[in-house]
*Asks:* 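For reference, the structure I am asking about is given below.
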Amino acid sequence: MKFTLPARKPFNFTSVIDSHGWRQLAPFTYDEGTNTLGYTLRLSNARVIELKMSDAKDGVSVETERLNKTERSEAAEAVAWMFGLDMDFSAFYAASRAEPKLARAKKQSLGRVLRSPTLFEDVIKTILTTNTLWGATQNMTRKLVDEFGVALGGATGRNVDEAPKSFPTPEAIAASDPDTLKEKIRVGYRAPAIHELAVRVASGKYDLEALKTCDLPTLELRKELLTINGVGPYAAANLLLILGRSDFIPIDSWALKLVSHEWYRGKPVTSKEVEKRFEKWGEYKGLAFWFWDWKYNGG
DNA sequence: GGTAGACCTGGACGC
DNA sequence: GCGTCCAGGTCTACC
């Protein structure tokens, strides 16, 4: 079946999927030829389906197998969240209009950051980006999905080992143990943090998903995220940006490099210099940093 | 409040 | 093929 979900204007499908590296992490897939984003989704009734998302006029076109009304509504809700379809960036566009380095923001509909359907998945993935190289993040995520995910249902004639799998539920990771996570998934010292979060969420003691829609002030929300083991200032800022809060900058070694080449002729800088350069952007700091038209491109 | 050092993996490099 | 070095944030202990 196929359906289309409208987005608040302006909206640009490609800008969202290119907003950061998430589309390169399982269970996302991306087909460059057709500009189609795939995602293996586990519905609340445990059915696993494959979503194929592509550009539609002012929204997202979703192709998947036949779903009942409840399943369709759940799939639509997931896609709407992943693409932030209802998000409004008009205030950011107004604030950045006079800044040449952000002049393209409105035209390209920049602002939305691709999300996973659950905050649990985004927190785990963010922890897997810390203190490692991108290739290792991809490997760890792949292994986590392969080991604990559920294979796509109804994949007739296909070896179940090769079938796409959903992102693991907190229960699936909680049922494992830190040693297995370390040895099989190769997450290293992150294992206890990942396992602990999974246990907290699976037990129902910690309603992580409630943070997606809570109206806590950003500072409070950041404090909450920082209580999660493995989430420090960088990870918290990254998660805030995903949650649509832009008051903090995810400062990692790459950010230091960008700022160093932008304003300090490649001389090493600290996070203080990064903060200073974006201070004037206030609640749009994160967006201004993230979508800045940087001189440096790694070369 | 600031900082040194440990944590772990995987890739690059030299032998 | 083996050993060594290095990059990459968070956390803890310490000043």
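The basis for the numbers below is simple: all heavy atoms, side chains too, and nothing from hydrogens, waters or symmetry mates. The model shown is predicted, which means the values in this text are computed figures rather than measured ones.
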*Asks:* Quick check for you: name the first and last nucleotides of DNA chain C, 5' to 3', having an atom under 4.0 Å from a heavy atom of chain A.
*Replies:*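 Terminal contacting nucleotides, 5' to 3': C:dG8 to C:dC11.
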*Asks:* Within this structure, what is the CG-CZ distance for the pair A:Leu258 and A:Phe289, rounded to the nearest 0.5 Å?
*Replies:* 5.5 Å
*Asks:* If you take the centroid of each ring, where Trp contributes its six-membered ring, are A:Trp292 and A:Trp263 closer together than 6.0 Å?
*Replies:*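 That pair passes the under 6.0 Å test.
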*Asks:* Classify A:Ala193 by what it touches in the nucleic acid, base, sugar-phosphate, or nothing, heavy-atom distance under 4.0 Å.
*Replies:* nothing
*Asks:* Check A:Asp146 with A:Lys165, please: is the shortest side-chain N to carboxylate O separation under 4.0 Å?
*Replies:*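 Looking at A:Lys165 and A:Asp146, the cut-off is not met.
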*Asks:* Hey, is A:Arg8 close enough to A:Asp86 for a salt bridge, meaning N to O under 4.0 Å?
*Replies:*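 So A:Arg8 pairs with A:Asp86 through a salt bridge.
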*Asks:* Give me the distances for all protein-to-nucleotides 9-13 of chain B N/O pairs that come in under 3.5 Å?
*Replies:*
| residue | atom | partner | partner atom | Å |
| --- | --- | --- | --- | --- |
| B:dG10 | OP2 | A:Arg186 | NE | 3.4 |
| B:dG10 | OP2 | A:Arg186 | NH2 | 3.4 |

*Asks:* Using a strict threshold of under 4.0 Å (side-chain N to carboxylate O), is an ion pair present between A:Arg23 and A:Asp18?
*Replies:* yes
*Asks:* Quick one: does any side-chain atom of A:Arg277 pair with a main-chain N or O of A:Val274 as donor and acceptor, under 3.5 Å?
*Replies:*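 Pair absent, no side-chain N/O of A:Arg277 close to backbone of A:Val274.
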*Asks:* Would A:Arg115 pass as a cation-pi partner of A:Trp22, given that its NZ or CZ must be under 6.0 Å from the six-membered ring centre and within 45 degrees of the axis?
*Replies:*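 No, a cation-pi geometry is absent between A:Arg115 and A:Trp22.
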*Asks:* How do A:Thr129 and A:Val231 order along DNA chain C: which one's closest nucleotide is nearer the 5' end?
*Replies:*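 On the 5' side of the pair lies A:Thr129.
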*Asks:* Do NZ/NE/NH1/NH2 and the carboxylate oxygens of A:Glu50 and A:Lys52 come within less than 4.0 Å?
*Replies:* yes
